[in-house]
Amino acid sequence: TFESGASFATVHASNGPEALREIAAFEAECQKNRKFHVLCVTVLTSFHERNLPSHWRSSQVSEHVFSLAQDVLNSGLKGLVCSPEEVSLLRKKFPQADLVT
């Protein structure tokens, strides 16, 4: 992606903290050459409480969004892809995040 000239790449925030830290290190390395940002998808907008993956059904969608966003920011990344309905809540809770809808 970076070698082909992309300025942004998306990954899923559910990759987990260890992978997110490695991705953050990759983003930092790429930024030594030019602007490059990784955007982390929290929960797909097609999901709602009735059709969540089975391992996520014990919590509400919003809880997953906030938990995943926290993992992303703890890893050193700032880019979050989220639903327009979540922007104001995420902005309030994570003012340092770069939000994309």
Side-chain angles (χ1 to χ4, degrees):
T1 302
F2 180 78
E3 291 82 13
S4 65
S7 298
F8 296 92
T10 58
V11 299
H12 205 289
S14 66
N15 281 311
E18 184 177 334
L20 292 171
R21 284 190 298 275
E22 290 184 31
I23 293 166
F26 173 76
E27 178 189 67
E29 189 63 32
C30 290
Q31 287 193 9
K32 291 178 183 177
N33 297 311
R34 64 177 170 78
K35 287 187 177 188
F36 181 76
H37 301 282
V38 174
L39 303 173
C40 300
V41 176
T42 55
V43 176
L44 298 174
T45 56
S46 60
F47 285 141
H48 43 79
E49 273 72 22
R50 293 181 313 276
N51 72 345
L52 283 169
S54 60
H55 62 283
W56 282 8
R57 290 185 191 146
S58 63
S59 300
Q60 302 233 346
V61 170
S62 60
E63 292 176 47
H64 291 294
V65 169
F66 288 124
S67 177
L68 292 168
Q70 188 67 65
D71 285 348
V72 168
L73 295 168
N74 287 344
S75 77
L77 295 166
K78 300 185 348 175
L80 293 170
V81 177
C82 62
S83 160
E85 296 156 1
E86 299 161 348
V87 170
S88 61
L89 295 172
L90 285 170
R91 175 67 56 224
K92 191 179 297 184
K93 188 165 176 116
F94 306 107
Q96 72 277 33
D98 295 326
L99 304 177
V100 177
T101 61

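Listed by first then second residue, pairs satisfying salt bridge (charged side-chain N to carboxylate O under 4.0 Å, His left out) with a partner in residues 10-22 number zero, not counting sequence neighbours. Sorted by first and then second residue, the side-chain hydrogen bond (donor to acceptor under 3.5 Å, both in side chains) pairs involving residues 88-101 (not counting sequence neighbours) form an empty list. Under the salt bridge (charged side-chain N to carboxylate O under 4.0 Å, His left out) criterion, no residue pair touches residues 5-14, with sequence neighbours excluded.
Counting heavy atoms of neighbouring residues, nucleotides and ligands inside a 6.0 Å radius, atom CD of Glu85 does not exceed 12 of them.
Listed by chain and residue number, Leu73, Leu80, Phe94, Leu99 satisfy the side-chain contact (heavy atoms from CB on, under 4.5 Å) test with Ala97 (two or more places apart in sequence, or in another chain).
Across every non-hydrogen atom of Ala24 and Ser75, the tightest pair is CB-O, 3.3 Å. The minimum heavy-atom distance linking Val72 with Cys40 is given by the pair CG2-CB, 3.5 Å. Listed here is the closest heavy atom pair of Leu20 and His12: CD2-O, 4.4 Å. Closest of all the heavy-atom pairs between Cys82 and Val87 is SG-CG2, 3.9 Å.
His37 places no side-chain N or O within 3.5 Å of a backbone atom of Ala9 that could act as its donor or acceptor partner.
In this structure the side chain of Leu90 reaches within 4.5 angstrom of the side chain of Phe66, judged on heavy atoms.
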